[in-house]
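Report on the following structure.
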There are 2 protein chains.
Amino acid sequence: MAYEYEYPHPAVTVDVVIFTIRSDELKVLLIKRALEPFVGRWALPGGFVDLKESLLDAAKRELREETGVAAAYLEQLYTFGEPDRDPRERVISVAYYALMPSDALEIKAASDAEGVGWFTIDELPELAFDHSEILQMALERLVAKLDYSTIAFQLMPEEFTMPELRHLYELITREEIDARNFAKRILALDVIEPTGRDRREGAHRPAKLYRVKDRSKVEVIK
Amino acid sequence: MAYEYEYPHPAVTVDVVIFTIRSDELKVLLIKRALEPFVGRWALPGGFVDLKESLLDAAKRELREETGVAAAYLEQLYTFGEPDRDPRERVISVAYYALMPSDALEIKAASDAEGVGWFTIDELPELAFDHSEILQMALERLVAKLDYSTIAFQLMPEEFTMPELRHLYELITREEIDARNFAKRILALDVIEPTGRDRREGAHRPAKLYRVKDRSKVEVIK
DNA sequence: GCAAAAGTGTTCCAGATACACCCATGT
DNA sequence: ACATGGGTGTATCTGGAACACTTTTGC
C-alpha cells in the first residue's frame, strides 16, 4: 500500500478559485477544513491530482464536486510551490480559477452543506496555507481580463440585461461606468444579441434582455 | 534509498525557455538529451525540483547551470501536466521563460559544450516531450508582453541604440515598425536615458547610445 | 560629393470619453 | 401625474498611425 520512488517526489494538488455573482456581490467559494493542518480554517476547494488525470480534469473534478456544476469557464492561474507552504510535506499547488454563471448555482445553493460557503471578496476570513495569495492573484487576473477579453459573460446567467452586465463590471472593477459608452462598447464586440424579450422590474421602463451568441468562446479583444 | 508515500506522487520538473538575441536573430537554448527517453533529441533545459527549493529557485538553478548567468528576467509561464507527457512516469512540468541580454552570454557562448545549442526560432528541430508546445506558448507570451510591458529591455545589452531596440521589436513581432513613432513611444515610457555617447558603425551618422534607467524593473504599461 | 543609415515633427484618423434628454413602466 | 431607471446620439479629446526631409558619417 506504499508507493516507492528512487527520488523524493512532492505532492501535487489543484486548488480552484470559484467566482460567482450572488446577492449583487462578487463571491468566492470556500471550504471549511475538516482535517489537519489548519482544521476549522477556511480554504480554497482543492485536492490531490490523481495520477491518471490531467491537471485540467482535476480542476474540473473539484469544481463539480463542490458546486455540482460541470461546465464553467476554467483557466489555469499559476503554480504555487514554496517549499514550506504546507507543513506536512512538500506540496505544489496548481491553481485554477473558475467563473460560474449566477443562475447555474441556484439548486446547489440551497443544499449548501455545513462547511461550504460563498464569501464576498471584501469580507474574507483568514485562509489556510497561502490561499489568500492565490485568491488575490485570481482577483487581479479577473480584473485585468475584464478589460481585454469577453470573460465577463461567463459570470452572467443565460439571459441578462445591459444594466445587469454593466453592474457586474462595476462590481469587479469598483469603478462607475457610463451607461451609454458601456452599451456602445459591448455591442460593438458583437458577441451578444437581444432575445427580443425584456424584463420588467419596478416602476420604470423595462430593460431589454440579451443573450451571448456563442458561449464557450472567450475572445481576447483586438 | 527509496522514498515511500501513502499515495502516489507525480514527479515535478522545471523547464526553462531561454531566449536571447544572437546574430540578429531571436534564439532559444536547447539541450541534446543524453538519457532515455528521447535520447539524442533536443529539449528545453530543465530538471527535477529539489524538495527543499522553490520553483523559482529551481528555474534559476537551471538557468545558471546552462548559461553560467545568474541574473536574467525569469517568469513562470504555465504548468504542463498531461498524464502521458513523459513515458516513464507521471511528470508535471512547471515551465518558466527567461530573457537574457545578448551581451551576458558572450563568455559562455564560446565554451558551448557539445549538446547545447542556440536555435533560431524558425529553424527549430523536433523537440522531446511536449516541449514544442511549451516553446510555442513562451513565444506567444513574449510577443504579447512586448506590447504592454517594458520586457524587451531585458534582451538588450547594457548600452544599445534606438535602431537596435527597434530591430529587436521587429524580430519578435515580425512586423516593420516606423522609426519615428517607435522612438516617440519608447522615450515616452521614460525608462531609458541617453548615455551621451554614440556608436559609429558604417558610413553613416552615428546612433545615440541609451541605457535602461532601472533594470530589474519590468513595468506593465498603463 | 555621394551613399547610407540616424535623427526628428506634424497631420490625420479612430477609438474612448464626456455629456443630457426622452421613454416606458408601476403606483 | 409623477417618480424611477432604461434607452439612445453627438461633440470632443487623445493616443496611435502615416508620412519626408535633414544630418552625420565613411569612402
Side-chain angles (χ1 to χ4, degrees), chain A residues 21 24 143-150 152 156-157 159-211 219-222, chain B residues 21 24 143-150 152 156-157 159-211 219-222:
Chain A
I21 303 290
D24 225 33
V143 173
K145 276 202 109 150
L146 217 54
D147 241 35
Y148 65 88
S149 79
T150 56
M156 300 306 288
E159 298 194 329
F160 55 90
T161 67
M162 195 60 79
E164 282 164 4
L165 181 63
R166 175 163 46 85
H167 191 63
L168 168 68
Y169 272 80
E170 290 177 331
L171 266 179
I172 297 177
T173 62
R174 294 160 183 277
E175 284 177 15
E176 263 195 29
I177 301 172
D178 180 84
R180 288 162 293 188
N181 294 335
F182 181 78
K184 216 188 308 173
R185 201 179 85 218
I186 295 296
L187 292 174
L189 295 176
D190 193 37
V191 294
I192 62 172
E193 58 191 2
T195 64
R197 309 195 310 117
D198 50 33
R199 171 172 299 160
R200 286 168 307 165
E201 187 179 22
H204 55 84
R205 180 171 175 173
K208 286 188 198 170
L209 283 167
Y210 290 88
R211 111 186 97 223
E219 301 219 349
V220 170
I221 296 166
K222 246 188 157 205
Chain B
I21 303 290
D24 224 34
V143 171
K145 274 201 113 152
L146 218 55
D147 241 35
Y148 65 89
S149 79
T150 56
M156 299 306 288
E159 298 194 330
F160 55 90
T161 67
M162 196 59 80
E164 282 165 5
L165 181 63
R166 175 163 46 84
H167 191 62
L168 168 68
Y169 271 80
E170 290 177 332
L171 267 179
I172 297 176
T173 62
R174 293 157 184 277
E175 283 177 17
E176 263 194 30
I177 301 172
D178 179 85
R180 288 163 293 187
N181 294 335
F182 182 78
K184 214 187 310 171
R185 201 178 85 218
I186 295 296
L187 292 175
L189 296 177
D190 191 39
V191 294
I192 62 173
E193 58 192 3
T195 64
R197 309 194 311 114
D198 52 32
R199 172 171 297 160
R200 285 168 309 165
E201 188 178 20
H204 55 84
R205 179 172 179 172
K208 287 189 197 167
L209 284 166
Y210 290 88
R211 113 187 94 224
E219 300 219 351
V220 170
I221 297 167
K222 247 190 154 196

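Lettering follows sequence order; numbering is per chain, from 1.
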To the closest 0.5 Å, what do you measure between NE2 (H167(A)) and CD1 (I172(A))? 10.5 Å

Between G202(A) and K184(A), which is nearer to the 5' end of DNA chain C once each is assigned its nearest nucleotide? K184(A)

Is it true that, when you exclude E170(B) itself, more than 12 heavy atoms of the residues, nucleotides or ligands shown sit nearer than 6.0 Å to its CD? yes

Report the distance from atom CD of E176(B) to atom C1' of dC19(D), rounded to the nearest whole Å. 14 Å

Salt-bridged, E159(B) to R199(B), with N to O below 4.0 Å? no

Specify the separation, in whole Å, of atom CG of N181(A) and atom C1' of dA11(D). 12 Å

Value in whole Å for how far the C1' atom of dG7(C) lies from CG of L187(B): 11 Å

Out of dA20(D), dT25(C), dT17(C), whichever nucleotide has its closest atom nearest the side chain of R180(B): dA20(D)

Measure the distance from CZ on R199(A) to C1' on dG7(D) and round it to the nearest whole Å. 16 Å

Could you give the CZ-to-C1' distance, from R200(A) to dA24(C), as a whole number of Å? 11 Å

Between P on dA16(C) and CD on E175(A), what's the gap in Å once rounded to a whole number? 16 Å

Donor-acceptor pair, distance only, cut-off 3.5 Å: does the side chain of T195(B) make one with the backbone of R211(B)? no

Rounded to whole Å, please give me the gap between CG in D178(A) and P in dG7(D). 13 Å

Is R197(A) close enough and on-axis enough to Y210(A), meaning under 6.0 Å and within 45°, for cation-pi? no

I'd like a list of close polar pairs between nucleotides 4-6 of chain D and the protein, N/O only, cut-off under 3.5 Å.
residue : atom : partner : partner atom : Å
dT4(D)  : O2   : A203(A) : O            : 2.5
dG6(D)  : O4'  : R205(A) : O            : 3.4
dG6(D)  : N2   : R205(A) : NH1          : 3.4

Just the rounded figure in Å: distance from P of dC19(D) to CZ of F182(B). 19 Å

Using 0.5 Å steps for rounding, measure from the CG atom of L165(B) to the CD1 atom of I192(B). 6.0 Å

